[in-house]
Number of protein chains: 2
Amino acid sequence: MTELDSIVQNLESRGHRVTPARRAVVGAVLGRPGHFTVDDVLREEPGAGRATVFRTMRLLCDLGILCRVILEDGSLHYRLSQRGHHHHLVCVSCGSVRDMDDCVVDDLVRELSRQTEYDIEGHWLEFYGRCRRCRPSGEGQRQ
Amino acid sequence: MTELDSIVQNLESRGHRVTPARRAVVGAVLGRPGHFTVDDVLREEPGAGRATVFRTMRLLCDLGILCRVILEDGSLHYRLSQRGHHHHLVCVSCGSVRDMDDCVVDDLVRELSRQTEYDIEGHWLEFYGRCRRCRPSGEGQRQ
DNA sequence: GTCTCAGTGATACCAGGTATCATTAGGCCA
DNA sequence: TGGCCTAATGATACCTGGTATCACTGAGAC
C-alpha cells in the first residue's frame with residue numbers, strides 16, 4: 001500500500017470524504033521531503049482553491065498526518081508527521097527537519113512543575129541549528 | 001528613579017530620541033502586569049499611530065526591554081523583560097507569565113547536539129499551564 | 001536661531017488565514 | 001438507477017497583524 005493510499009484510508013476511516021482536491025493536496029504534500037508552506041502546495045496545485053488547501057492542511061494537521069513547524073523567523077510551515085507529540089530540529093542552512101523521538105522535556109516539565117507549583121499542561125519547543133552536512137567542520141557549538 | 005525613567009535613559013544612551021509617542025508607549029507597557037498585544041497598547045494610546053506603536057514595540061524588543069511571548073494558540077504577545085535569554089511559563093487561565101531564570105535547556109541542547117551531530121544554534125521554548133492560584137486543587141499534573 | 005535627520009502618523013499595501021455562500025458531487029438508501 | 005442529503009468545493013470578501021512609503025514635525029546639536 002502506498003503512503004497516499006494509507007492516508008486516504010485514514011481519512012475514510014474517520015468519516016471524511018476522499019475527493020480529487022484532497023487527493024491532490026495529499027499528493028503534493030507527499031512529494032515534499034522537508035517542510036513547506038500552504039503557498040508551496042497552492043503553487044503545486046493551482047487548480048485547487050485557496051480555502052480548500054487551507055482547510056485540507058488543517059484537517060491533515062487535526063488528523064496528525066501533518067504537523068506545524070515554526071521556523072526561526074516565526075513563519076509557519078508544515079511537514080509530514082509520523083508520530084503524536086514530538087519536537088523538531090530544523091537545519092537553518094538546508095531546511096531539513098529531524099524529528100526527536102521522545103518527548104525530551106518530560107523530566108524538565110516534572111522538575112519545573114515541582115519548583116513552580118504550576119500545573120504544566122503543554123509546551124512548545126523547536127531547535128534550530130546546522131545538520132552534519134551543513135555545519136562548518138571543526139567549529140564548536142555556539143548555543 | 002522610576003522604571004519609565006530608566007527605560008528612557010536606556011533609549012537615550014543608545015542614541016534613540018525620547019519622544020512623547022515613545023513615552024506614551026512605554027507608559028502603556030509599564031501599566032500592564034502580564035502579556036499584551038500591540039492592539040492592547042493601541043487601544044490604550046489611541047492618539048499614537050499604528051505604525052509608530054509597531055515600530056516602538058519592535059525597538060523595545062530589539063533593546064531587550066520587551067520580549068515576545070507566543071501563546072498556545074500561536075498569537076504573538078509581548079511582555080516586559082528583565083533579562084537576556086530566558087523562557088516563559090504562561091498561565092492559560094489568568095494569563096500571568098513567569099520567567100524561568102536559567103536557560104533550562106542547556107543540558108538538553110548539549111546532549112542533543114552530541115546525539116544528532118547538529119550544531120544547535122538556537123531554540124524556542126514556552127510552557128503552558130495553570131499557576132498555583134488557578135490550578136484545580138487536588139488534581140494531578142496532566143502533561 | 002537654524003539646520004539636520006530621526007521619528008511620526010496617515011495611508012496603502014501585503015501575507016496569511018477565515019467566513020460566507022451558491023454550487024458540486026460522494027455515497028447511502030429505496 | 002435515481003434521488004436525496006450533506007460534506008466538500010471554490011470564488012470571493014473580509015479580517016488580522018504587520019510593513020512600506022512619504023510628507024511633515026520637532027528634538028537636539030551647533
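So you know, we letter chains A, B, ... as the sequences are listed, proteins then strands, and number each from 1. Every value quoted in this text rests on a predicted model; they were computed, and no experiment measured them.
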B:His16 vs C:dG7: side-chain N/O to OP1/OP2 distance below 4.0 Å:
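True: B:His16 side-chain N/O within range (under 4.0 Å) of C:dG7 OP1/OP2.
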Quick check on DNA chain D: between B:Phe54 and B:Glu12, whose nearest nucleotide comes earlier from the 5' end?
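It is B:Phe54, whose closest nucleotide lies nearer the 5' terminus.
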Which residue lies more 5' along DNA chain D, comparing B:Pro20 with A:Pro20 via nearest heavy atoms
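Result: A:Pro20.
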Per [X] side chain, nearest of listed nucleotides [options]:
X	options	answer
A:Asp39	C:dG16, D:dA11, D:dT9	C:dG16
B:Arg50	D:dT9, D:dG18, D:dA11	D:dG18
B:Arg17	C:dT8, D:dG10, D:dG26	D:dG26
A:Ala21	D:dG10, C:dT8, D:dA7	D:dG10

For a 4.5 angstrom cut-off between non-hydrogen side-chain atoms, does A:Met57 reach A:Val29?
yes
Answer with base, sugar-phosphate or nothing: what part of the nucleic acid does A:Thr19 contact at a heavy-atom distance below 4.0 Å?
sugar-phosphate
Polar side-chain contact B:Arg55-D:dG18 base: donor and acceptor under 3.5 Å
no
B:Arg14 side chain to B:Leu63 main-chain N or O, any donor-acceptor pair under 3.5 Å?
yes
Near B:Arg133 CZ, under 6.0 Å, is it more than 12 heavy atoms from other residues, nucleotides or ligands?
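No, the 6.0 Å shell around CZ holds no more than 12 heavy atoms from other groups.
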